[in-house]
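So the structure is just underneath, and the comments pick up after that.
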Amino acid sequence: MSSYVTKKTQGDTAWFTRDRFGMFIHFGLYSMAARHEWFKTNEKVPETKYDVYFDLFDPDLFDAKEWARRAKAAGMKYAVLTAKHHEGFCLFDSRYTDYKSTNTPFGRDIVKEYAEAFRAEGLRVGLYYSLIDWHHPQFPIDHLHPRRDDADAKEQNEKRDMRVYAQYMRDQVRELLTNYGKIDILWFDFSYSHTPEGVPDYLRGKGKDDWEAEKLIETARSIQPDIVIDNRTEIDQDIWTPEQYQPEDWVRHPETGELVVWETCQTFSGSWGYYRDEMTWKSPEILIRLLVDTVSKGGNLLMNVGPTGRGNFDKRAENALRVYEEWMRLNSRSIYACTKAEPEFVSPRDCRLTQSADGKKLYVHLFSYPSFPFFVMQGIADKVRYAQFLHDGSELLFTAGKCPWFDVGLNDLVLSVPPVKPDVVVPVIELFLK
Ligand code: GLC
(Lines give C-alpha, C1' and ligand atoms only; values in the text may rest on other atoms or scores of the structure.)
Protein backbone atom coordinates (compact mmCIF):
# COMPACT_ATOMS: atom_id res chain seq x y z
CA MET A 1 0.00 0.00 0.00
CA SER A 2 1.14 3.51 -0.80
CA SER A 3 2.39 5.33 2.28
CA TYR A 4 1.46 8.80 1.05
CA VAL A 5 -1.43 10.37 2.92
CA THR A 6 -3.15 13.52 1.71
CA LYS A 7 -5.03 16.17 3.64
CA LYS A 8 -8.60 15.06 4.39
CA THR A 9 -11.33 17.00 2.64
CA GLN A 10 -15.06 16.65 2.28
CA GLY A 11 -15.42 15.58 -1.37
CA ASP A 12 -14.93 12.05 -2.65
CA THR A 13 -11.43 12.01 -4.12
CA ALA A 14 -10.94 8.23 -4.02
CA TRP A 15 -12.11 7.75 -7.61
CA PHE A 16 -10.33 10.92 -8.67
CA THR A 17 -6.86 9.76 -7.61
CA ARG A 18 -7.45 6.39 -9.25
CA ASP A 19 -8.58 7.80 -12.58
CA ARG A 20 -5.70 10.28 -12.99
CA PHE A 21 -6.51 11.58 -16.46
CA GLY A 22 -9.34 13.85 -17.59
CA MET A 23 -10.41 16.05 -20.48
CA PHE A 24 -10.94 19.77 -20.02
CA ILE A 25 -13.28 21.28 -22.62
CA HIS A 26 -13.40 25.02 -23.24
CA PHE A 27 -16.32 25.86 -25.48
CA GLY A 28 -18.30 29.06 -25.84
CA LEU A 29 -18.96 32.03 -28.08
CA TYR A 30 -15.22 32.74 -28.07
CA SER A 31 -14.70 29.50 -30.01
CA MET A 32 -16.10 31.28 -33.08
CA ALA A 33 -13.66 34.19 -32.81
CA ALA A 34 -10.92 31.54 -32.58
CA ARG A 35 -8.38 33.79 -30.91
CA HIS A 36 -8.37 32.94 -27.18
CA GLU A 37 -11.22 32.73 -24.72
CA TRP A 38 -10.09 36.05 -23.24
CA PHE A 39 -10.32 38.00 -26.48
CA LYS A 40 -13.38 39.93 -25.28
CA THR A 41 -11.32 41.61 -22.61
CA ASN A 42 -7.99 41.50 -24.46
CA GLU A 43 -9.58 43.52 -27.26
CA LYS A 44 -12.05 45.35 -24.99
CA VAL A 45 -14.89 44.29 -27.25
CA PRO A 46 -18.12 46.16 -26.43
CA GLU A 47 -21.27 44.16 -25.73
CA THR A 48 -22.95 45.34 -28.94
CA LYS A 49 -20.11 43.90 -31.00
CA TYR A 50 -19.89 40.69 -29.01
CA ASP A 51 -23.60 40.13 -29.71
CA VAL A 52 -22.80 38.91 -33.20
CA TYR A 53 -21.40 35.65 -31.79
CA PHE A 54 -24.53 35.07 -29.75
CA ASP A 55 -26.77 35.88 -32.71
CA LEU A 56 -24.92 33.47 -34.99
CA PHE A 57 -23.95 30.69 -32.55
CA ASP A 58 -24.77 27.44 -34.35
CA PRO A 59 -22.13 24.74 -33.89
CA ASP A 60 -23.54 22.37 -36.49
CA LEU A 61 -20.86 19.72 -35.98
CA PHE A 62 -21.35 19.53 -32.20
CA ASP A 63 -21.83 15.91 -31.18
CA ALA A 64 -21.38 15.21 -27.47
CA LYS A 65 -21.22 11.49 -28.14
CA GLU A 66 -18.28 12.02 -30.45
CA TRP A 67 -16.50 14.13 -27.82
CA ALA A 68 -17.10 11.38 -25.27
CA ARG A 69 -15.87 8.63 -27.59
CA ARG A 70 -12.67 10.52 -28.28
CA ALA A 71 -12.06 11.25 -24.61
CA LYS A 72 -12.56 7.63 -23.71
CA ALA A 73 -10.35 6.40 -26.54
CA ALA A 74 -7.59 8.71 -25.31
CA GLY A 75 -7.74 6.99 -21.94
CA MET A 76 -9.42 9.86 -20.16
CA LYS A 77 -11.75 8.87 -17.35
CA TYR A 78 -13.52 12.14 -16.64
CA ALA A 79 -14.18 15.49 -18.19
CA VAL A 80 -14.79 19.08 -17.15
CA LEU A 81 -16.81 21.30 -19.50
CA THR A 82 -17.13 25.08 -19.27
CA ALA A 83 -20.81 25.51 -18.36
CA LYS A 84 -20.04 29.23 -18.33
CA HIS A 85 -16.72 30.92 -19.00
CA HIS A 86 -15.65 34.50 -18.22
CA GLU A 87 -17.65 35.84 -21.18
CA GLY A 88 -20.80 34.91 -19.21
CA PHE A 89 -22.45 32.83 -21.94
CA CYS A 90 -24.17 29.76 -20.52
CA LEU A 91 -24.09 26.41 -22.28
CA PHE A 92 -27.18 25.35 -20.33
CA ASP A 93 -30.80 26.29 -20.12
CA SER A 94 -30.70 28.53 -17.06
CA ARG A 95 -33.82 30.18 -15.71
CA TYR A 96 -31.75 33.10 -14.49
CA THR A 97 -30.44 34.46 -17.76
CA ASP A 98 -31.32 34.86 -21.42
CA TYR A 99 -27.66 34.62 -22.31
CA LYS A 100 -27.63 30.90 -22.99
CA SER A 101 -27.20 28.40 -25.80
CA THR A 102 -30.90 27.58 -25.90
CA ASN A 103 -31.60 31.17 -27.01
CA THR A 104 -29.20 31.06 -29.95
CA PRO A 105 -29.91 29.65 -33.42
CA PHE A 106 -28.42 26.40 -32.09
CA GLY A 107 -31.16 26.18 -29.49
CA ARG A 108 -29.80 23.20 -27.56
CA ASP A 109 -28.74 22.58 -23.95
CA ILE A 110 -25.11 21.63 -24.42
CA VAL A 111 -24.49 20.75 -20.77
CA LYS A 112 -27.35 18.28 -20.88
CA GLU A 113 -26.13 16.55 -24.01
CA TYR A 114 -22.59 16.51 -22.67
CA ALA A 115 -23.53 15.04 -19.30
CA GLU A 116 -25.63 12.29 -20.87
CA ALA A 117 -23.08 11.38 -23.53
CA PHE A 118 -20.09 11.23 -21.19
CA ARG A 119 -21.97 9.25 -18.58
CA ALA A 120 -23.08 6.82 -21.26
CA GLU A 121 -19.41 6.19 -22.09
CA GLY A 122 -18.70 5.49 -18.43
CA LEU A 123 -16.86 8.76 -17.88
CA ARG A 124 -17.27 10.99 -14.85
CA VAL A 125 -18.85 14.36 -15.48
CA GLY A 126 -17.46 17.66 -14.26
CA LEU A 127 -18.49 21.27 -14.82
CA TYR A 128 -16.38 24.39 -14.89
CA TYR A 129 -18.17 27.50 -13.69
CA SER A 130 -16.57 30.91 -14.08
CA LEU A 131 -16.72 33.20 -11.06
CA ILE A 132 -15.85 36.02 -13.40
CA ASP A 133 -18.62 37.29 -15.67
CA TRP A 134 -18.01 39.89 -18.35
CA HIS A 135 -21.62 39.97 -19.44
CA HIS A 136 -23.68 40.12 -16.26
CA PRO A 137 -24.88 43.72 -15.72
CA GLN A 138 -24.37 43.49 -11.95
CA PHE A 139 -20.79 42.20 -12.07
CA PRO A 140 -18.63 45.18 -11.09
CA ILE A 141 -16.05 46.30 -13.61
CA ASP A 142 -12.53 45.48 -12.44
CA HIS A 143 -9.04 45.59 -13.89
CA LEU A 144 -9.63 42.42 -15.95
CA HIS A 145 -13.01 43.51 -17.29
CA PRO A 146 -13.52 44.56 -20.95
CA ARG A 147 -15.02 47.90 -19.79
CA ARG A 148 -12.09 48.80 -17.52
CA ASP A 149 -10.96 51.75 -19.64
CA ASP A 150 -14.39 53.31 -20.10
CA ALA A 151 -14.29 56.93 -18.97
CA ASP A 152 -17.36 56.32 -16.85
CA ALA A 153 -16.35 52.91 -15.48
CA LYS A 154 -16.51 54.24 -11.94
CA GLU A 155 -20.04 55.56 -12.44
CA GLN A 156 -21.11 52.31 -14.10
CA ASN A 157 -19.87 50.46 -11.04
CA GLU A 158 -22.04 52.54 -8.75
CA LYS A 159 -25.02 50.92 -10.42
CA ARG A 160 -23.66 47.40 -10.11
CA ASP A 161 -24.26 45.24 -7.06
CA MET A 162 -21.94 42.31 -6.48
CA ARG A 163 -24.40 40.75 -4.03
CA VAL A 164 -26.97 40.37 -6.76
CA TYR A 165 -24.37 38.62 -8.90
CA ALA A 166 -23.30 36.35 -6.02
CA GLN A 167 -26.91 35.27 -5.65
CA TYR A 168 -27.04 34.63 -9.42
CA MET A 169 -24.06 32.28 -9.09
CA ARG A 170 -25.73 30.36 -6.27
CA ASP A 171 -28.90 30.07 -8.32
CA GLN A 172 -27.03 28.77 -11.32
CA VAL A 173 -24.93 26.34 -9.31
CA ARG A 174 -28.16 25.01 -7.83
CA GLU A 175 -29.53 24.51 -11.33
CA LEU A 176 -26.39 22.80 -12.57
CA LEU A 177 -26.31 20.42 -9.63
CA THR A 178 -30.04 19.72 -9.68
CA ASN A 179 -30.96 19.39 -13.35
CA TYR A 180 -28.15 17.29 -14.82
CA GLY A 181 -27.83 14.22 -12.61
CA LYS A 182 -24.71 13.41 -10.63
CA ILE A 183 -21.95 15.91 -11.22
CA ASP A 184 -18.58 14.62 -10.06
CA ILE A 185 -16.52 17.82 -10.17
CA LEU A 186 -17.32 21.49 -9.80
CA TRP A 187 -14.48 23.61 -11.09
CA PHE A 188 -14.76 27.28 -10.11
CA ASP A 189 -12.47 29.81 -11.80
CA PHE A 190 -10.89 32.08 -10.44
CA SER A 191 -9.95 34.55 -7.67
CA TYR A 192 -7.66 37.53 -8.07
CA SER A 193 -7.90 39.46 -4.85
CA HIS A 194 -4.32 40.71 -5.04
CA THR A 195 -4.79 43.82 -7.11
CA PRO A 196 -1.70 44.88 -9.06
CA GLU A 197 -0.05 48.12 -8.04
CA GLY A 198 -1.35 51.27 -9.67
CA VAL A 199 -4.87 49.91 -10.21
CA PRO A 200 -7.48 52.34 -8.80
CA ASP A 201 -9.63 51.00 -6.00
CA TYR A 202 -12.84 50.96 -8.03
CA LEU A 203 -11.17 48.42 -10.38
CA ARG A 204 -9.79 46.17 -7.63
CA GLY A 205 -9.73 42.40 -8.06
CA LYS A 206 -12.12 39.92 -6.54
CA GLY A 207 -11.85 37.05 -4.10
CA LYS A 208 -13.78 34.82 -1.75
CA ASP A 209 -15.68 37.61 -0.02
CA ASP A 210 -16.90 38.98 -3.33
CA TRP A 211 -18.08 35.56 -4.49
CA GLU A 212 -19.56 34.86 -1.05
CA ALA A 213 -17.61 31.69 -1.58
CA GLU A 214 -18.63 30.03 1.67
CA LYS A 215 -22.30 30.24 0.78
CA LEU A 216 -21.58 29.21 -2.79
CA ILE A 217 -19.79 26.06 -1.66
CA GLU A 218 -22.46 25.37 0.94
CA THR A 219 -25.07 25.56 -1.81
CA ALA A 220 -23.14 23.03 -3.89
CA ARG A 221 -22.51 20.64 -1.00
CA SER A 222 -26.10 20.82 0.19
CA ILE A 223 -27.13 19.27 -3.14
CA GLN A 224 -24.19 16.98 -3.90
CA PRO A 225 -22.14 16.52 -0.72
CA ASP A 226 -19.45 14.28 -2.28
CA ILE A 227 -18.72 16.49 -5.25
CA VAL A 228 -15.06 17.32 -5.86
CA ILE A 229 -14.53 21.09 -5.72
CA ASP A 230 -11.37 23.00 -6.67
CA ASN A 231 -9.63 25.68 -4.65
CA ARG A 232 -10.08 28.67 -6.92
CA THR A 233 -12.85 30.35 -4.95
CA GLU A 234 -9.96 31.09 -2.56
CA ILE A 235 -11.31 28.62 -0.04
CA ASP A 236 -9.44 25.32 0.18
CA GLN A 237 -11.58 22.41 -0.91
CA ASP A 238 -10.68 19.05 -2.41
CA ILE A 239 -8.18 19.72 -5.17
CA TRP A 240 -5.31 22.11 -5.83
CA THR A 241 -4.96 23.18 -9.43
CA PRO A 242 -1.58 24.30 -10.81
CA GLU A 243 -2.20 25.70 -14.28
CA GLN A 244 0.04 25.20 -17.34
CA TYR A 245 3.09 24.22 -15.31
CA GLN A 246 4.43 21.07 -13.69
CA PRO A 247 5.12 21.35 -9.97
CA GLU A 248 8.55 20.15 -8.81
CA ASP A 249 7.00 17.45 -6.64
CA TRP A 250 3.73 16.41 -4.99
CA VAL A 251 1.85 19.61 -4.16
CA ARG A 252 1.75 20.52 -0.50
CA HIS A 253 -0.61 22.74 1.41
CA PRO A 254 1.08 26.15 1.54
CA GLU A 255 0.49 26.60 5.27
CA THR A 256 0.44 23.15 6.85
CA GLY A 257 2.84 21.41 4.46
CA GLU A 258 0.48 18.43 4.17
CA LEU A 259 0.31 16.61 0.84
CA VAL A 260 -2.86 17.53 -1.05
CA VAL A 261 -4.84 16.03 -3.90
CA TRP A 262 -3.84 17.96 -7.00
CA GLU A 263 -4.56 18.24 -10.68
CA THR A 264 -2.54 20.16 -13.21
CA CYS A 265 -4.42 21.52 -16.19
CA GLN A 266 -2.57 21.82 -19.48
CA THR A 267 -3.28 22.79 -23.06
CA PHE A 268 -2.26 21.29 -26.40
CA SER A 269 -1.20 24.67 -27.71
CA GLY A 270 -1.24 27.38 -25.04
CA SER A 271 -4.80 28.67 -25.31
CA TRP A 272 -7.90 27.06 -23.76
CA GLY A 273 -10.50 28.23 -26.22
CA TYR A 274 -10.01 27.28 -29.89
CA TYR A 275 -7.23 29.43 -31.36
CA ARG A 276 -6.90 29.00 -35.10
CA ASP A 277 -3.56 30.73 -35.59
CA GLU A 278 -1.70 29.34 -32.63
CA MET A 279 1.30 27.33 -33.75
CA THR A 280 2.81 26.16 -30.47
CA TRP A 281 1.31 22.68 -30.42
CA LYS A 282 3.04 20.26 -28.08
CA SER A 283 4.94 17.29 -29.49
CA PRO A 284 3.88 13.68 -28.79
CA GLU A 285 6.82 13.29 -26.38
CA ILE A 286 5.77 16.31 -24.35
CA LEU A 287 2.13 15.20 -24.25
CA ILE A 288 2.99 11.78 -22.83
CA ARG A 289 5.63 13.15 -20.50
CA LEU A 290 3.16 15.60 -18.99
CA LEU A 291 0.88 12.75 -18.02
CA VAL A 292 3.66 10.52 -16.71
CA ASP A 293 5.40 13.32 -14.84
CA THR A 294 2.13 14.27 -13.16
CA VAL A 295 1.34 10.78 -11.92
CA SER A 296 4.96 10.30 -10.80
CA LYS A 297 4.30 13.20 -8.40
CA GLY A 298 0.97 11.86 -7.19
CA GLY A 299 -1.22 14.15 -9.30
CA ASN A 300 -3.89 14.17 -12.02
CA LEU A 301 -3.71 15.66 -15.49
CA LEU A 302 -6.64 17.57 -16.95
CA MET A 303 -5.77 18.01 -20.63
CA ASN A 304 -7.68 20.65 -22.54
CA VAL A 305 -9.42 20.51 -25.89
CA GLY A 306 -10.93 23.66 -27.40
CA PRO A 307 -13.55 22.61 -29.94
CA THR A 308 -13.96 24.87 -33.00
CA GLY A 309 -16.87 27.26 -33.50
CA ARG A 310 -18.60 24.46 -35.37
CA GLY A 311 -18.37 22.29 -32.27
CA ASN A 312 -15.94 19.62 -33.41
CA PHE A 313 -12.30 18.90 -32.54
CA ASP A 314 -9.98 20.15 -35.23
CA LYS A 315 -7.33 17.92 -36.86
CA ARG A 316 -4.55 19.07 -34.57
CA ALA A 317 -6.57 18.28 -31.46
CA GLU A 318 -7.58 14.92 -32.89
CA ASN A 319 -3.96 14.09 -33.58
CA ALA A 320 -2.94 15.04 -30.07
CA LEU A 321 -5.71 12.88 -28.63
CA ARG A 322 -4.56 10.03 -30.84
CA VAL A 323 -1.10 10.26 -29.27
CA TYR A 324 -2.69 9.56 -25.90
CA GLU A 325 -4.91 6.89 -27.37
CA GLU A 326 -2.03 4.96 -28.82
CA TRP A 327 0.15 5.22 -25.75
CA MET A 328 -2.58 4.56 -23.20
CA ARG A 329 -3.89 1.53 -25.05
CA LEU A 330 -0.67 -0.29 -24.14
CA ASN A 331 0.67 1.59 -21.14
CA SER A 332 -2.25 2.77 -19.02
CA ARG A 333 -1.36 0.24 -16.32
CA SER A 334 1.40 2.62 -15.21
CA ILE A 335 -1.15 5.46 -14.87
CA TYR A 336 -4.49 4.28 -13.46
CA ALA A 337 -4.46 3.56 -9.74
CA CYS A 338 -0.80 4.49 -9.71
CA THR A 339 0.97 7.18 -7.74
CA LYS A 340 4.37 8.44 -6.73
CA ALA A 341 6.78 5.57 -6.01
CA GLU A 342 7.72 4.86 -2.40
CA PRO A 343 10.76 6.80 -1.21
CA GLU A 344 12.90 3.63 -1.21
CA PHE A 345 12.81 3.72 -5.03
CA VAL A 346 15.03 6.39 -6.50
CA SER A 347 14.47 7.32 -10.10
CA PRO A 348 17.42 6.86 -12.45
CA ARG A 349 18.35 9.92 -14.49
CA ASP A 350 15.90 10.90 -17.28
CA CYS A 351 13.19 8.62 -15.95
CA ARG A 352 9.95 8.94 -14.01
CA LEU A 353 8.71 6.30 -11.59
CA THR A 354 5.15 5.44 -10.72
CA GLN A 355 3.99 2.63 -8.46
CA SER A 356 0.68 0.83 -8.29
CA ALA A 357 -1.27 1.90 -5.22
CA ASP A 358 -1.16 -1.69 -3.92
CA GLY A 359 2.62 -1.39 -3.98
CA LYS A 360 3.16 -4.48 -6.10
CA LYS A 361 4.46 -2.96 -9.29
CA LEU A 362 6.97 -0.30 -10.08
CA TYR A 363 6.94 1.46 -13.45
CA VAL A 364 10.03 3.04 -14.94
CA HIS A 365 9.27 5.51 -17.73
CA LEU A 366 12.25 6.05 -20.01
CA PHE A 367 12.22 9.70 -21.07
CA SER A 368 15.50 9.13 -22.87
CA TYR A 369 16.47 5.68 -24.09
CA PRO A 370 19.67 4.08 -22.67
CA SER A 371 22.61 4.45 -25.02
CA PHE A 372 24.15 1.12 -23.99
CA PRO A 373 22.50 -2.28 -23.54
CA PHE A 374 22.26 -2.10 -19.75
CA PHE A 375 19.96 -0.12 -17.57
CA VAL A 376 20.87 0.11 -13.90
CA MET A 377 18.64 0.84 -10.94
CA GLN A 378 20.54 1.27 -7.75
CA GLY A 379 19.98 -0.78 -4.62
CA ILE A 380 16.74 -2.57 -5.52
CA ALA A 381 17.76 -5.95 -6.99
CA ASP A 382 16.55 -7.85 -3.91
CA LYS A 383 13.09 -6.35 -4.31
CA VAL A 384 12.44 -7.36 -7.91
CA ARG A 385 10.95 -10.65 -9.00
CA TYR A 386 10.37 -10.11 -12.71
CA ALA A 387 10.82 -7.39 -15.32
CA GLN A 388 9.22 -6.69 -18.67
CA PHE A 389 8.43 -3.95 -21.13
CA LEU A 390 4.87 -2.89 -20.49
CA HIS A 391 3.82 -2.23 -24.10
CA ASP A 392 4.43 -5.80 -25.31
CA GLY A 393 4.95 -7.78 -22.11
CA SER A 394 8.37 -8.91 -23.28
CA GLU A 395 10.69 -10.14 -20.56
CA LEU A 396 13.72 -8.07 -19.66
CA LEU A 397 16.52 -10.21 -18.27
CA PHE A 398 18.40 -8.86 -15.31
CA THR A 399 21.16 -9.65 -12.87
CA ALA A 400 21.91 -8.43 -9.39
CA GLY A 401 25.15 -6.55 -9.10
CA LYS A 402 26.75 -7.90 -12.27
CA CYS A 403 27.40 -5.78 -15.30
CA PRO A 404 30.01 -6.79 -17.90
CA TRP A 405 30.74 -3.18 -18.82
CA PHE A 406 31.23 -1.33 -15.56
CA ASP A 407 31.20 -1.79 -11.81
CA VAL A 408 27.90 -1.71 -10.04
CA GLY A 409 26.76 -2.15 -6.44
CA LEU A 410 25.96 -5.65 -5.14
CA ASN A 411 22.27 -4.92 -4.91
CA ASP A 412 21.96 -2.92 -8.12
CA LEU A 413 19.44 -4.17 -10.63
CA VAL A 414 21.08 -4.49 -14.04
CA LEU A 415 18.52 -4.92 -16.82
CA SER A 416 19.47 -5.91 -20.35
CA VAL A 417 17.65 -3.66 -22.76
CA PRO A 418 17.47 -4.00 -26.55
CA PRO A 419 19.79 -1.69 -28.47
CA VAL A 420 16.98 -0.10 -30.42
CA LYS A 421 14.28 1.89 -28.66
CA PRO A 422 10.92 0.16 -29.04
CA ASP A 423 8.45 2.09 -31.19
CA VAL A 424 6.66 3.68 -28.23
CA VAL A 425 6.76 7.40 -27.48
CA VAL A 426 7.78 6.74 -23.88
CA PRO A 427 8.72 3.09 -23.21
CA VAL A 428 7.83 1.73 -19.77
CA ILE A 429 9.59 -1.00 -17.81
CA GLU A 430 7.27 -2.88 -15.50
CA LEU A 431 8.92 -4.36 -12.40
CA PHE A 432 7.03 -6.97 -10.39
CA LEU A 433 8.10 -6.48 -6.80
CA LYS A 434 8.59 -9.29 -4.29
C1 GLC B 1 -7.63 30.60 -16.28
C2 GLC B 1 -8.14 31.36 -17.41
C3 GLC B 1 -8.94 30.57 -18.27
C4 GLC B 1 -8.95 29.08 -18.21
C5 GLC B 1 -8.49 28.52 -16.92
C6 GLC B 1 -8.14 27.07 -16.92
O7 GLC B 1 -7.54 31.07 -15.10
O8 GLC B 1 -8.77 32.52 -17.01
O9 GLC B 1 -9.31 31.13 -19.43
O10 GLC B 1 -10.25 28.70 -18.26
O11 GLC B 1 -7.57 29.25 -16.32
O12 GLC B 1 -7.40 26.70 -15.81
Side-chain angles (χ1 to χ4, degrees), residues 16 21-45 50 53 76 78-91 110-111 114 126-136 139 141-146 148 169 172 176 185-196 205-208 210-211 213 228-235 237-247 251 261-276 278 280 282 290-291 294 299-307 309 317:
F16 185 80
F21 188 28
M23 177 184 275
F24 217 169
I25 307 173
H26 278 68
F27 189 49
L29 300 178
Y30 49 79
S31 309
M32 298 166 70
R35 52 184 192 273
H36 203 280
E37 74 284 356
W38 276 55
F39 89 98
K40 183 177 187 182
T41 197
N42 290 344
E43 300 174 20
K44 299 173 203 157
V45 183
Y50 209 79
Y53 307 107
M76 292 151 163
Y78 62 96
V80 178
L81 168 70
T82 51
K84 178 190 89 162
H85 203 263
H86 307 339
E87 65 178 0
F89 178 65
C90 296
L91 300 186
I110 293 171
V111 167
Y114 153 79
L127 294 174
Y128 167 111
Y129 185 84
S130 175
L131 300 163
I132 299 171
D133 196 313
W134 296 327
H135 176 80
H136 198 286
F139 184 89
I141 298 168
D142 57 40
H143 63 94
L144 299 181
H145 194 281
R148 63 192 173 278
M169 290 201 287
Q172 288 206 319
L176 287 170
I185 303 174
L186 186 56
W187 222 98
F188 290 115
D189 192 40
F190 65 82
S191 298
Y192 47 114
S193 50
H194 293 291
T195 305
K206 297 182 175 67
K208 60 175 186 297
D210 302 287
W211 321 127
V228 171
I229 301 181
D230 72 343
N231 63 342
R232 293 195 181 183
T233 59
E234 231 175 37
I235 296 182
Q237 288 295 305
D238 305 303
I239 58 171
W240 275 252
T241 57
E243 174 176 331
Q244 302 237 43
Y245 75 91
Q246 292 298 107
V251 176
V261 176
W262 66 277
E263 173 194 69
T264 180
C265 46
Q266 297 278 358
T267 58
F268 288 150
S269 64
S271 154
W272 302 91
Y274 179 63
Y275 200 139
R276 181 191 58 210
E278 200 166 48
T280 53
K282 294 181 173 72
L290 280 173
L291 176 59
T294 301
N300 280 35
L301 174 65
L302 186 61
M303 184 47 90
N304 182 72
V305 182

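All ligand and atom numbering here is 1-based and tracks the order in the structure.
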Mind checking what makes side chain to side chain contact (heavy atoms under 4.5 Å, CB included) contact with Gln244, not counting sequence neighbours? Gln266, Thr267, Trp272, Lys282
Check whether the side chains of Arg148 and Thr41 place a donor and an acceptor atom closer than 3.5 Å, and report yes or no. yes
Is it possible for you to check whether Lys44 lies under 6.0 Å from the centre of the six-membered ring of Phe39, through NZ or CZ, and within 45° of that ring's axis? no
Is the gap between the ring centers of His26 and Phe24 under 6.0 Å? yes
Heavy-atom contacts under 4.0 Å to ligand 1, chain-then-number order, include exactly Phe24, His26, Glu37, Trp38, His85, His86, Tyr128, Trp187, Asp189, Phe190, Arg232, Glu243, Cys265, Trp272
Can you list everything that forms a side-chain hydrogen bond (donor to acceptor under 3.5 Å, both in side chains) with Thr241? Sequence neighbours excluded, please. Asn231, Arg232
For Tyr128, enumerate each residue passing the side-chain hydrogen bond (donor to acceptor under 3.5 Å, both in side chains) test, keeping only those at least two apart in sequence or located in another chain. His85, Asp189
